Amino acid sequence: MTDRGVNVEVLDDAEALARRAADLIEGVVREKPTLSLLVATGNTPLATYTELTRRNLDASAVTAVQLDEYLGVGEDDPRSLWGWMRRAFVEPLGVRKVIRLDATAPDPVEACRRFELEVAALGGIDLALLGLGPNGHLGFNEPPCLPDAGTRPVTLTPESLASNAAYWDGLAVPTGALTAGMDLILGARQTLLLVSGAHKRGILARTLQESPTPEVPASWLRGTNTTVLADRAAWGGL
Ligand code: GLP
């Protein structure tokens, strides 16, 4: 099924989605073991990471690039998105090289510039593995967001603060973040967008059906080399 360049696959449930995502990622890593991979945290990709770990995929030459981090949060903080990425993806898969967003740097803008230079030195992103924010954000590219928005500090929207609160069991969600830029995401040679659950149905419909708009940052994926893997609950009647 295609939607103006975006390829959409609908899977029966979250488990089937994870298996299919793992198949696709495994294929890309086998083809290019030195892949640069932009890695989302959040709940959606976790089953995919578990599935990949089960397969004994050799990801030792992959470079994992961090997608987002809360501003001011260091790796010892339980809310560290780097910590989440390390536990869920980097360590289980034996990834040795990472490019991180330093959200405790004295100058966050400079930290973003360093991150951009490191990614550029790698030759950009080969595969972006993304979840869909409930407000259409990718990483923390909050609406409204233009396609040329770079890696930068951002203020989180009330919607993101609410959705992220579910991750941290009563801990306050930081109000700011660093996010990999929309430009870097849209420049990826290939993107996998994972969308699971009925609560994503409305925003998935807007992502795929509305004309690309700053109000739904994920809608800028239209026209890029993107595969959307959605489970039936998220797909609904689309
Ligand atoms: C979060 C993160 C994103 C994530 C998205 C979806 O706020 N900033 O990187 O992909 O929202 O999260 P989930 O998969 O938990 O629905």
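Owing to the predicted nature of the structure, the values given are computational and were not obtained by experimental measurement. Indexing begins at 1, ligand by ligand and atom by atom, following the structure's order.
At least one donor-acceptor pair under 3.5 Å links the side chain of S219 to the backbone N or O of T213.
Which parts of ligand 1 touch G139 is read off a 4.0 Å heavy-atom cut-off, strictly below it: atoms 2 (C), 3 (C), 8 (N), 9 (O). Within the listing of ligand 1, atoms 10 (O) sit less than 4.0 angstrom from a heavy atom of G131. Per-residue contacts place L132 under 4.0 angstrom from the following atoms of ligand 1 (heavy atoms of the residue considered): 6 (C). Each of the following atoms of ligand 1 lies closer than 4.0 Å to a heavy atom of K200: 13 (P), 16 (O). Applying the 4.0 Å criterion to heavy atoms of D68 picks out, from ligand 1, the atoms 2 (C), 3 (C), 8 (N), 9 (O).
For atom 12 (O) of ligand 1, the closest non-hydrogen atom on the protein side is Y167 OH, 3.0 Å. Of all protein heavy atoms, the one closest to atom 11 (O) of ligand 1 is H137 NE2, 2.9 Å. For atom 4 (C) of ligand 1, the nearest protein heavy atom (residue, atom name, distance) is T41 O, 4.1 Å. Among all non-hydrogen protein atoms, the one lying nearest atom 14 (O) of ligand 1 is T44 OG1, 2.5 Å.
When heavy-atom distances to ligand 1 are checked against a 4.0 Å cut-off, L67 comes that close only through its side chain, counted from C-beta outward. By the criterion of a heavy-atom distance under 4.0 Å, the side chain of N164, and not its backbone, is placed next to ligand 1.
Backbone and side-chain nitrogen or oxygen atoms of G42 are examined, and none is located within less than 3.5 angstrom of a nitrogen or oxygen of ligand 1.
Heavy atoms of S160 come nearer than 4.0 angstrom to ligand 1 in no pair at all.
Screening residues 180-190 for side-chain hydrogen bond (donor to acceptor under 3.5 Å, both in side chains) gives D126-R189 as the qualifying pairs, with residues at least two apart or on separate chains.
A salt bridge links E51 and R55; the closest N-O separation between the charged side-chain nitrogens and carboxylate oxygens is under 4.0 Å. The pair E26-R30 counts as a salt bridge, with a side-chain nitrogen and a carboxylate oxygen less than 4.0 angstrom apart.
Rounding to the nearest 0.5 Å places CD of E118 at 9.5 Å from CG of L101. The CG atom of L156 lies 6.5 Å from the CG atom of N164; values are rounded to the nearest 0.5 Å.
Ring orientation note: the planes of F140 and Y70 are tilted relative to one another, at an angle of 30° to 60°.
A search for ring-ring contact (aromatic ring centres under 6.0 Å, His included) contacts involving W82 returns nothing, not counting sequence neighbours.
Note on V195: it clusters hydrophobically with V8, by side-chain heavy-atom contacts below 4.5 Å among ILVMFWY residues.
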